[in-house]
Amino acid sequence: FSFSMMNIPPFEELKSCVSPLPWRIQAFEKSWSEAAAHYREWRDKEVKIAPRPEFAKKVSFMASLAGPGKGWRDKFLAYVQPYQENAVAFLACARKQQFDHNHADNTPVDIFKDDNAEWEKSGAHAQAYLQPMIMWGPFTPEDKATEREKQARALHKEADTPYVFLKNPDDKVPHIDQHHLGHPGWQRWFLDWVKEWCQQHGAQGIYHDQSYPCPIDRRGLAIGGMTSPQGNADYFYKAATENPGTIHGTEMLTEADIVGCSTAIGSGYHW
C-alpha cells in the first residue's frame, strides 16, 4: 500500500504532499506480541538508544509519592519489600516551589540529597518530579528573580509551540502551552537542571512530566533543525547519556522518548 505523507510545516503555501511512501501491512498468526517483537527488532537496529543502568531493566512496579521524606519512604518500602530493588517511586513535590508553581525555579527541597542517600541504602529507587513542558507562575518578582529564572522565562517564550492552521484575528499565531524540547536554548537550560539534580543532589533519576505529546510546531525545522518528536528524542538521549547510571521517566512512553526513558507514570503498575 502507498499513502501520501503530510509535509513538514508551515503548510499554508504548500500545494501538494511529498511523494508517497510504501506501507507494508502484515498479519500475524497469534497475537500483538509478534508484531511488537518485529518492531523492537527493527528499533534496536535503527534507533539510537541511550544506555540504561542495570536496575532499570528489572523494574516491575512504580508508584507516585507526595514527596521525599522518611514517612513516605517507609510506607513505600512496607508495601514493596522484599522486592524493593524492582520498585521505583517518583517524588511529586521535591522542589522548594509548590507543585506546578514557578517552573523557572527548580531548586530541590533541603532534605533531598540526604533523602536520596536513604533511598539508595534501602535498595529501592526514586525519581524526582520535574516539568520541562510548561512555565507556570506565580513567579519571583522581577527585582528579586535570579538570572537563571529570568533566562527561563525568556527561553520559554521561544520554545513554546505555535499552533498550525490557527491564527488570531490580529494574525498572530497562538501558542500551545507545551515546549518544543528541541529548542537549543530551552533544552540546555533544562538539561542543566537535570544534571544538577542527578550529579550534585544525588537523584537516581528524573520523571519529566508531560514530555510525550510532541505537538506539531508550525515553524517546521526552524528549531534546531528538528521536528517536535525529533527534539523530544534528542532531549531524552542527552538526559540519559549526560547522567550515566540514572533512570528517566515520562507521562507516557512513545517512539520518541523511549530513546532515553525507562518508565511512564503509574500508580501500582509499570508500563
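Predicted model, so just to flag it, every value in this text is computed and none were measured.
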Quick one: ring-ring contact (aromatic ring centres under 6.0 Å, His included) partners of [X], sequence neighbours excluded?
X      : value
Tyr163 : none
Tyr39  : Trp42
Phe236 : His208

What closest approach, in Å, do [X] and [Y] show between heavy atoms, and which atom pair accounts for it?
X      : Y      : answer
His101 : Gln97  : O-CB, 3.5 Å
Leu253 : Ser262 : CD1-O, 4.3 Å
Pro229 : Cys214 : CA-SG, 3.7 Å
Val259 : Ala233 : CG2-O, 3.2 Å
Gln230 : Leu221 : OE1-CD2, 4.2 Å
Thr241 : Pro51  : CG2-CD, 4.1 Å

Value rounded to 0.5 Å, distance of [atom1] in [X] from [atom2] in [Y]:
X      : Y      : atom1 : atom2 : answer
Cys198 : Ile247 : SG    : CD1   : 11.5 Å
Lys70  : Ile111 : NZ    : CD1   : 12.0 Å
Ile49  : Cys261 : CD1   : SG    : 10.5 Å
Phe11  : Cys17  : CZ    : SG    : 9.0 Å

With the side chain counted from C-beta on, respond yes when [X] and [Y] share a heavy-atom pair under 4.5 Å apart, and no when they do not.
X      : Y      : result
Phe76  : Leu65  : yes
Lys113 : Trp197 : no
Thr246 : Ile206 : no
Arg40  : Lys45  : no
Leu191 : Tyr235 : yes
Gln210 : Ile134 : yes
Leu181 : Pro132 : yes
Val164 : Pro10  : no

More than 12 heavy atoms from other groups under 6.0 Å of [atom1] on [X]:
X      : atom1 : answer
Lys150 : NZ    : yes
Tyr83  : OH    : no
Tyr79  : OH    : no
Gln98  : CD    : no
Gln199 : CD    : yes

Partners meeting side chain to side chain contact (heavy atoms under 4.5 Å, CB included) with [X] (sequence neighbours left out):
X      : result
Pro162 : Val173, His175, Asp217, Arg218, Arg219
Glu149 : Asn102, Ala104, Asp105, Thr140, Ala145, Thr146
His156 : Met135, Asp160, His179, Trp186

In one Ile/Leu/Val/Met/Phe/Trp/Tyr side-chain cluster, 4.5 Å: [X], [Y]:
X      : Y      : answer
Leu130 : Val109 : yes
Met226 : Tyr212 : no
Ile223 : Tyr237 : no
Val194 : Met133 : yes

| Does the distance from a Lys or Arg side-chain N to an Asp or Glu carboxylate O, for Glu54 and Lys57, drop under 4.0 Å? |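 Salt bridge present between Glu54 and Lys57.
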For residues 119-129, run the donor-acceptor check on the side chains, cut-off 3.5 Å, and write out each pair with its distance to 0.1 Å, sequence neighbours left out.
unit_1, atom_1, unit_2, atom_2, d
Trp119, NE1, Asp115, OD2, 3.0
Lys121, NZ, Glu118, OE2, 3.3
Ser122, OG, Trp119, O, 2.6
Ser122, OG, Ala124, N, 3.1
His125, ND1, Gln204, NE2, 3.3
His125, NE2, Glu85, O, 3.2
Gln127, NE2, Thr263, OG1, 3.2
Tyr129, OH, Asp209, OD2, 2.5

| task | Verify, without hydrogens or angle tests, whether Arg52 (side chain) and Ala50 (backbone) share a donor-acceptor contact under 3.5 angstrom. | result |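 Yes; judged by distance alone, with no hydrogens or angles, the pair exists.
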| query | Are the side chain of Glu34 and the backbone N or O of Ser31 linked by a donor-acceptor pair below 3.5 Å? | reply |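 Yes.
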| Between Ile258 and Thr254, is a side-chain contact (heavy atoms from CB on, under 4.5 Å) present by the stated rule, with each step listed? | CA-CA 6 Å; Ile258 194 68; Thr254 68; over 6 Å; no
| Can Asp177 and Trp136 be counted as having a side-chain donor-acceptor contact under 3.5 angstrom? |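 On atom types as modelled, these side chains qualify, holding a pair under 3.5 Å.
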Output all residues satisfying side chain to side chain donor-acceptor pair (under 3.5 Å) with [X], sequence neighbours left out; order by chain, then residue number.
X      : answer
Glu242 : Arg188
Asp114 : none
Asp234 : Gln187, Lys238
Thr161 : none

| task | Would you sort out whether Leu155 and His183 count as a side-chain contact (heavy atoms from CB on, under 4.5 Å), showing the intermediate values? | result | CA-CA 9 Å; Leu155 290 169; His183 185 282; 4.1 Å; yes
| Partner set under salt bridge (charged side-chain N to carboxylate O under 4.0 Å, His left out) for Lys144, not counting sequence neighbours | none
| request: Run the numbers on Tyr207 and Glu251 for side-chain contact (heavy atoms from CB on, under 4.5 Å), then give the verdict. | output: CA-CA 8 Å; Tyr207 168 79; Glu251 193 162 347; 3.6 Å; yes
| query | side-chain hydrogen bond (donor to acceptor under 3.5 Å, both in side chains) with Lys96: which of Thr107, Asn106, Asp110? | reply | Asp110
| task | Please lay out, stage by stage, how His248 and Thr250 fare under the test side chain to side chain donor-acceptor pair (under 3.5 Å). | result | CA-CA 7 Å; His248 295 268; Thr250 180; over 6 Å; no
| field | Candidate pair Leu91 and Phe112, rule side-chain contact (heavy atoms from CB on, under 4.5 Å), full reasoning | value | CA-CA 10 Å; Leu91 312 178; Phe112 185 78; 4.2 Å; yes
